[in-house]
Asks: 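I'd like to ask you about the structure that follows.
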Amino acid sequence: MRYGYFDDTNREYVITQPDTPLPWINYLGSEAYFGLISNTAGGYSFYKDARLRRLTRYRYNNAPLDMGGRYLYLRDNSSGKYWSPTWMPTRVRLDEYECRHGQGYTVITSKLNGIKSSARYFVPLGESLEIWQVTLTNESATDADLSLFSAIEFCLWDANDDATNYQRNYSIGEVEIVPLAPPPLPAGEGQGVRAGEGITVIYHKTEYRERRDHFAYFACSEKLAGFDTIREEFLGAYRGWNEPVVLEKGVSCNSVAHGWQPIGSHHVKIQLKAGEQRQVIFILGYHENPRDDKYDPPGSQTINKKTVKPVIAKYLQPENVDQAFEALRDYWTALLDRLQVTTPDEHTDRMVNIWNAYQCMVTFNLSRSASYFETGIGRGMGFRDSNQDLLGFVHMIPERARERILDISATQLKNGGAFHQYQPLTKRGNDAVGTGFNDDPLWLVIGVAAYLRETGDWSILDEQVQYENEPGTESPLYEHLQRSLQYTLDRPGPNRLPLIGRADWNDCLNLNCFSDEPGESFQTIENKDGKVAESIFIAGLFVLACQEIAGIAGHRGDQAQIERVRNASADMEKTVWAAGWDGDWFRRAYDDFGRPVGSKENAEGRIFIEPQGICVMAGLGADAAPSSGSGNAVKALDSVEEHLATPHGIVLLNPAYSQYYVHLGEISSYPPGYKENAGIFCHNNPWIMIAKTVVGRGDKALSYYKRINH
Ligand code: GLC
């Protein structure tokens, strides 16, 4: 079954059927305002932080799937029939449907009974708002009497509270519904139509009366026939978004929300002659006011709209919207132009030139904090993840990569360790998840090295950066990198391999957790003192990081540092050959009993992908000249081919764990083949591809690449 195809010329993926097996989603926004959007207009929006500044509601794991979004309804007022031009939420069968996911925008086009609709969703550069540009065309032979309704459900900002704390949040919702511009001046006093005249804007201002200085707004370019902001009035009691009572009647209630569930819905009446076309623009945005200038007039409870009104007025003009869209297209063209390849393989060209780069930018923006299975509540941005992601986008946005490096490194602990995650809004380490994932700090070295290699901006190493965001603790970034290495050196295990801590790259290999309690977090519970379990993966990463630091130190003429890291690296290599090599591949770890993990000695989980990739990338066993371990790199990668490679990518380990092992942790909590228990992870498959190039097997690297990109 095919649901779509790539349109390389337009750099779009085109979906040709709305009922895809799962929602196929895209991401809107590139700086501060972001949204997730599915092929049927599902999803939600937020400002900077999917947890702390959520604009609209979305209910995960719902039935039907993908409820909550940027909804539109069209109603044929002569028959009373209504439908959704993006298919959801009414799921009325459309005569035509097409969704185009592009870079930072999505266009959903459909047709029913001769009424064509095209909705283009995007976030203009430099703005904290999204635009829904809707074009309606009457392609039938008869005139049409239509109503267009919009519908969103406001989230009360903190997405976690919003989904759980009902005793409070049923009682705090507030909106304002006010004209954008004052009423027309008496005849003779004004000239022409002023921008925004006749336009009514819905403002969502829950908690604005107290500690919030921000609010959301939802505006429409047309004069309204009505509006709604109370969910139950719009939907009707016990009804879903698929059958709002307002659509049935064709009349809005003009409801003004107080408490309960505030929504935003506009109603526009549109007469379309046969062949006629009309454009309607909706904007949903986020705005902040200075704390001491929140109200207008001062002392009232009315939002000061002085600075937001010009923004709204601007983007209700089609020319400005078109211009903003072109600017977004140009921005992406410029980004993607930084690296374009022509190869004999069209899949490789398409992925390298467009989609891999696009995905890297999405991870730069959101890390893994918000997606269709990551609610945006559970985690912020990963320390490891963000550093890793740098490698994928540093060539496109070096200036922002620099800023990201400085933000991340300012969360580093004084002992060189790292908070596992940090909140994008506050840029502070996340206490709830804490520290102790012992590979984390080393990724900072890898990220900074990638930045230096790309930009040659050595000045970054002298930037004064705090530890734990604590004023007065500033030291040059160069020292942060050294502390990262020191963190590993300070934690040798019984075999002199690095102690693993809570976990390393594989968040679910929790060798110090030993959890018997249902529901306990595998990541934050440590029941062991952590002085035994070791990681060969971290050992490989350490050797790689040492090489990077040696190069950096060389550039700075820091001879002492070069010596130090060379020695440390050579020692670690020796340790790996003594305790980390299993005969045909690298072992994965040692558990809390000092027994190997990822070894022939194990009945399950005999071989893991991670150490094969990272150790060979670090050059371990890749020396042609006879030396300790020479030839082992090829051997390890042959073992990957034999035991881990599948036509759909390389699995994490083999054989999968068939039962829960308390000493291994979360990894064995998943049924075989799921997630870290032998699933396929696109982001460590490339380590094997790179490793293959290290041993001169580019052909095989390409074959692996195509398995996950084809
Ligand atoms: C997820 C996490 C990443 C981790 C990986 C394997 O992708 O974001 O940090 O390395 O899973 O557990």
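We count residues from 1, following the sequence as given. Just follow the structure's listing: the first ligand is 1, and inside any ligand the first atom is 1.
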Asks: Does the side chain of Y44 come within less than 4.5 Å of Y60's, by heavy atoms?
Replies: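 Touching, per the 4.5 Å side-chain cut-off.
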Asks: Distance check, rounded to the nearest 0.5 Å: K427 atom NZ versus I408 atom CD1?
Replies: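 Answer for the NZ-CD1 pair, K427 versus I408, is 10.5 Å.
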Asks: Could you name the protein residues that come within less than 4.0 Å of ligand 1, counting only heavy atoms, and order them by chain and residue number?
Replies: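 Heavy-atom contacts below 4.0 Å: R368, R379, R384, D385, W505, N506, D507, E676, F681, H683.
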Asks: State plainly whether the residues E454 and R338 are in salt-bridge range, i.e. N to O under 4.0 Å.
Replies: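 Result for this pair is no, no salt bridge flagged.
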Asks: Would a line drawn from the ring center of W505 to the ring center of H683 be shorter than 6.0 Å?
Replies: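 So the answer is yes for these two rings.
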Asks: Does the gap between the ring centers of W687 and F537 come in under 6.0 Å?
Replies: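 Ring centres of F537 and W687 closer than 6.0 Å.
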Asks: Hey, do the aromatic rings of W157 and Y47 have their centres closer than 6.0 Å?
Replies: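 When the ring centroids of W157 and Y47 are compared, they turn out to be at least 6.0 Å apart.
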